[in-house]
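Below: one structure, written as structure tokens.
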Amino acid sequence: MAKLTKLEDIVSLCKRRGFIFQSSEIYGGLASCYDYGPLGVELKRNVRNEWWKSTVQMRDDIVGLDCSIFMHPLVWKASGHADKFADLIVECKKCNVRSRVDHLARHAQEHTAHVSIETAQKDAQNLSNKVCPACGTVGKFTEPMPFRLMFETQMGANVDDSMTIFLRPETAQGIFVNFRNVLDTTRVKVPFGIAQIGKSFRNEVTTKAFIFRTREFEQAEIEFFCAPGTDEQWYEHWKEVRFKWYLDLENLRLRQHEKDELAHYAKACVDVEYKFPFGSGDWQELEGIANRTDFDLRQHQKGMRTLNAWYEKKGDLSKIELNSEAEDYEKGPLSFFDEQTGKRFIPYVIEPSAGIDRSSLAFLVDAYDEDEVKGEKRNLLRFHPAIAPIKAAVFPLVKKDGMPEIAVKIYDNLKKYFTCFYDEKGAVGRRYRRQDEAGTPFCITVDGQTKEDNTVTVRERDSMKQERVNLSQVKQYLREKLDL
Ligand code: GAP
């Protein structure tokens with residue numbers, strides 16, 4: 001297989017075939033924001049659906065949730081994001097571009113992946129040999145400064161009651177603050193999980209790399225609540241389950257985080273990584289699986305008790321300390337009573353946190369291939385059928401002799417069950433190529449023989465093999481081959 005070596009090839013295919021466009025392109029584009037076109041929206045929907053199916057539909061111990069993006073500002077004080085969710089940045093004195101300290105190379109040849117927090121802090125003390133990733137200038141930076149990653153906006157029309165709120169930087173907090181609601185309204189019992197897919201927003205300092213790191217993106221997160229002491233076993237479980245989910249991809253690995261890389265809430269974290277074709281072709285995070293301990297639920301118990309202070313300080317989070325007066329946390333509102341053991345505790349949380357956009361990019365990159373057909377280059381996307389944007393295309397061989405009428409009938413019938421595409425324009429070979437490039441697993445062609453024996457050809461994308469299938473069997477044939 002001719003695998004991708006340059007991200008530009010996938011960016012160009014995505015633009016050419018309507019997978020992904022630059023946002024506001026006719027206005028010159030908006031940095032790091034992207035729109036999904038007709039094929040891209042189907043791909044992303046399939047990735048989302050596959051995640052939901054394996055996480056919620058197929059498991060009896062996980063329920064779904066869909067929280068609002070705007071949340072009470074105290075949520076972000078309690079979660080730690082209001083105070084700690086910042087990158088250390090510097091500005092290049094030559095080109096004025098700002099970069100994360102941990103994204104600065106130590107010299108021109110070095111790549112910048114996986115610099116630990118400790119190293120970044122040490123690096124920040126000595127910037128003399130660091131290279132600006134934008135212009136290549138060495139050692140000409142401002143003093144490092146913290147840069148808050150959460151977007152702020154104002155809610156409310158009146159000056160008196162308007163308040164600063166944040167666009168959520170992760171979907172996880174919506175799950176934690178609904179933990180009690182879900183417990184009280186369903187039959188779930190610890191151990192169980194809550195899953196959510198939704199948009200998150202971060203004012204990332206370094207973007208680039210197409211949809212890999214953007215300022216608006218979609219996350220698919222599970223918060224799995226378990227009894228303290230069973231967390232390590234569930235952590236192992238989730239590592240295995242999530243790694244398997246991606247297994248159709250090549251170039252995948254699990255990487256344990258070093259202690260100094262861990263987020264403020266995590267006891268342990270492992271990344272599922274993919275070898276993306278950018279930077280120096282290095283391994284990059286696709287999904288993080290963290291042991292968040294009981295940190296978040298405890299924090300929200302403090303946050304709930306800080307409301308009075310929040311009103312007193314007119315919502316100024318910088319002037320508020322969380323209320324951590326002595327409290328029997330284990331008996332608090334976000335605790336769980338285990339009827340079997342007779343014990344009450346604050347559950348521990350294992351969190352597999354994936355990115356829908358980032359995994360869509362990995363699926364695109366992984367599916368990309370080039371081969372040669374009769375001396376001509378063929379571009380194709382070897383998507384797994386479950387995520388292919390179009391499952392089957394239907395063609396009449398020529399636009400006459402009653403072939404279009406039969407093809408339209410097949411198309412109208414199949415589209416009730418699969419995402420299909422009808423095409424009668426141009427040479428059939430070119431129509432096959434277009435579908436190969438869109439990653440369509442099967443093409444069905446009505447030809448001269450169809451009228452004689454009621455059969456059509458079904459062509460498979462990867463092998464390009466053709467089979468004759470009876471008209472009455474086409475739907476069942478696709479069902480079996482697509483496993484849908
Ligand atoms: N709740 C934990 C959390 O948010 P994270 O490692 O910051 O952890 C989880 O994010 C996943 O979300 C990442 O592995 C990635 O797939 C996706 N993600 C995070 N930031 C992103 C960004 N700026 N653009 C695209 N995807 C992003």
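Note that ligands are numbered from 1 as they come in the structure, with each ligand's atoms numbered from 1 the same way. From a predicted model like this one, the values you see are computed outputs, not experimental measurements.
Counting atoms of ligand 1 from 1 in the listed order, those under 4.0 Å from a heavy atom of Glu221 are 1 (N), 2 (C), 3 (C), 4 (O). Taking every non-hydrogen atom of Glu170 and a distance limit under 4.0 Å, the qualifying atoms of ligand 1 come out as 1 (N), 2 (C), 3 (C), 4 (O). Contact atoms of ligand 1 toward Tyr265: 2 (C) (distance under 4.0 Å to a heavy atom of the residue). Every atom of ligand 1 with a heavy atom of Gly355 under 4.0 Å away is listed here by number and element: 16 (O), 17 (C). Close approach to Glu204 involves these atoms of ligand 1, each under 4.0 Å from a residue heavy atom: 20 (N), 22 (C), 23 (N). Near Glu287, with a cut-off below 4.0 Å to any heavy atom, the atoms of ligand 1 are 14 (O).
Residue contact check for ligand 1: Tyr274 places no non-hydrogen atom closer than 4.0 Å to it. At least one heavy atom of Thr214 sits under 4.0 Å from some atom of ligand 1.
With hydrogens and angles left out, the side-chain atoms of Thr440 and Gln435 include a donor and acceptor closer than 3.5 Å. Under 3.5 Å, the side chains of Gln154 and Thr164 contain a donor-acceptor pair of N or O atoms. Side chains of Glu50 and His384: a donor-acceptor N/O pair is absent below 3.5 angstrom, by distance only.
A salt bridge is defined here as a Lys NZ or Arg NE, NH1 or NH2 lying under 4.0 Å from an Asp or Glu carboxylate O, and Lys44 with Asp357 meets this definition. Using a cutoff of 4.0 Å between basic side-chain nitrogens and carboxylate oxygens, Arg461 and Asp436 are not scored as salt-bridged. Salt bridge annotation for Lys140-Glu91: absent, with no cationic side-chain nitrogen under 4.0 angstrom from a carboxylate oxygen. For the pair Arg255 and Glu273, the salt-bridge criterion is met [side-chain N within less than 4.0 Å of a carboxylate O]. A salt bridge links Lys199 with Glu216: the distance from a Lys NZ or Arg NE/NH1/NH2 to an Asp or Glu carboxylate oxygen falls below 4.0 Å. Between Asp371 and Arg378, at least one side-chain N (NZ, or NE/NH1/NH2) sits under 4.0 Å from a carboxylate O, which counts as a salt bridge. A salt bridge links Arg16 to Glu437: at least one charged side-chain nitrogen sits closer than 4.0 Å to a carboxylate oxygen. Checked for salt-bridge contact, Asp61 and Arg59 meet the test: a charged N lies under 4.0 Å from a carboxylate O.
In this structure, atom 26 (N) of ligand 1 lies nearest to the protein heavy atom Phe217 CD1, 3.5 Å. Protein heavy atom in closest approach to atom 2 (C) of ligand 1: Glu351 OE1, 3.1 Å. With hydrogens left out, the protein atom closest to atom 9 (C) of ligand 1 is Ser353 OG, 3.0 Å, a heavy atom. Of the protein's non-hydrogen atoms, the one nearest atom 25 (C) of ligand 1 is Phe212 O, 3.2 Å. In this structure, the protein non-hydrogen atom closest to atom 12 (O) of ligand 1 is Gln219 NE2, 3.2 Å.
Tyr265 carries Arg292 over the face of its six-membered ring, with the cationic atom under 6.0 Å from the centre and within 45° of the normal.
Contacts between Phe201 and ligand 1, counted as non-hydrogen atom pairs separated by less than 4.0 Å, are absent for every part of the residue. Of the heavy atoms in Glu285, only side-chain atoms (C-beta onward) come closer than 4.0 Å to ligand 1. Here Arg202 has side-chain heavy atoms under 4.0 Å from ligand 1, and that is the only part of it that gets that close. In Arg292, the part holding a heavy atom less than 4.0 Å from any atom of ligand 1 is the side chain. When non-hydrogen atoms are compared, ligand 1 lies under 4.0 Å from the backbone of Leu286 (N, CA, C, O) but not from its side chain.
No N or O atom of Arg213 sits closer than 3.5 Å to an N or O atom of ligand 1.
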